[in-house]
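In this text the structure is predicted, and so the values were computed from the model without any measurement. First listed ligand is number 1; within each ligand, the first listed atom is number 1.
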Amino acid sequence: MLMFNMVGELEDVLNKVYENPRQSFKEIKHFLLLEDEKELKCLFSFADKVRKEFIGEGVLLRGLVEFSNNCANSCFYCGLNKQGSSIKRYGMSRDEIMRAIGDLSAVNIKTVVLQSGEDNGLDPLWLAGIIKDIKSNFGLAVTLSVGEKPYGEYRLWRDAGADRYLLKIETTDPQVYAAAHSGRLIESRLKCLDDLISLGYQVGSGVLVGLRGQTVDSLARDILFFQDKNFDMIGIGPFIPHPGTFFANDKPGDIRLTLKVIALTRIITRDAHMPATTALGSAGADYRIEGLKSGANVLMPNFTPLRYRALYEIYPGKTCLKEASEKCILCMDEKAKISGRFLDYSAGHSIKKRHLFN
Ligand code: SF4
């Protein structure tokens, strides 16, 4: 392990990581293992400076609509897995979705994230129709998060007007990935991400911190993977065990380690949009402000109708299950202010160069 005597020396090493991540694997691991409070403060404030330089002080808002909790997969860490027989399944109608979108548009939010489990029953044409209606009626940026799908469906939705797609890799470590999924290959996940990039989506990915078998080495490789792929959005959250899953008795992901991964990802990827995730707000306490102070720049108020919200239980103890959406905005405003920032109501498109001339 590397040793540093002074915070000044630590800043020099952070500069090396910032300038030359590929040559800094050992140093990235060192920062992931930091425990000293002064040194940690130095890491988080370096990440915060990078965020300020590349993104500015605005905290972007993405309105979340979880339109179905049906899922055909068995991810061992997720409460929506198909074996979760105690869960009441739901799927919102087109009208319900459009009403939720009307609600978020009425409070001036310009981006909707349409999220569901990986539902084999999802009709691609139905979703394409909804995307077109959102575009023509509300003019919002549309982000999809509906899992691994064939290239033709990704293309159909892109042609219908979808701007962005979120597909978390969860871990880039093939063994950890294999141990957390049944009947799923990391290669098919990677292919989907490449398909989405080739179709011109603004693409988001991310990882869970604390998955069974994950090591500091695999987290360091995750961070370098984010840089390699040059993702537009990166979401990092702690693993939270769900009692209805195979990983029910695993230890939850460490919050401090999660914040370190966020900070290093900000330093290395520089201008990606990074949420202070809902999972970070649901890890026994709400750590989203800490996330915003460690490099994150996005908050995601939930506009799923209250009668469905608690049913979208990827992990237990999810925050913001009972708050009316307007109250959510006040809470987000407060979080931004406590972090010394302000809410940014723009669509918050990617600022990666490849999208600027599209
Ligand atoms: S993580 Fe996604 S694909 Fe896996 S079980 Fe949960 S909802 Fe389904």
Side-chain touch Thr143/Leu114, heavy atoms, less than 4.5 angstrom: no
Enumerated ligand 1 atoms positioned under 4.0 Å from heavy atoms of Gly117: 7 (S)
Pair Asn230, Lys352: side-chain N/O donor-acceptor within cut-off below 3.5 Å: yes
Verdict with reasoning, Lys229 to Asp194, per salt bridge (charged side-chain N to carboxylate O under 4.0 Å, His left out): CA-CA 9 Å; Lys229 292 285 179 189; Asp194 287 342; 2.8 Å; yes
Protein heavy atom at shortest distance from atom 3 (S) of ligand 1: Asn73 ND2, 3.4 Å
For Cys78, atoms of ligand 1 separated by under 4.0 Å from a heavy atom: 1 (S), 5 (S), 6 (Fe), 7 (S)
Atom 6 (Fe) of ligand 1 within contact range, any protein heavy atom under 4.0 Å: yes
Parallel, tilted or perpendicular, as decided by the 30° and 60° cut-offs, for the rings of Phe226 and Phe231: perpendicular
Cys75 backbone or side-chain N/O/S under 2.8 Å from atom 4 (Fe) of ligand 1: yes
Proximal atoms of ligand 1 relative to Cys71 (non-hydrogen, under 4.0 Å): 3 (S), 5 (S), 7 (S), 8 (Fe)
Val216-Leu208 co-clustered via ILVMFWY side chain contacts under 4.5 Å: no
Ring pair (Phe, Tyr, Trp, His ring centres under 6.0 Å) evaluation trace for Tyr77 with His181: CA-CA 9 Å; Tyr77 46 83; His181 299 89; 5.4 Å; yes
Heavy-atom gap Ile314 to ligand 1 smaller than 4.0 Å: no
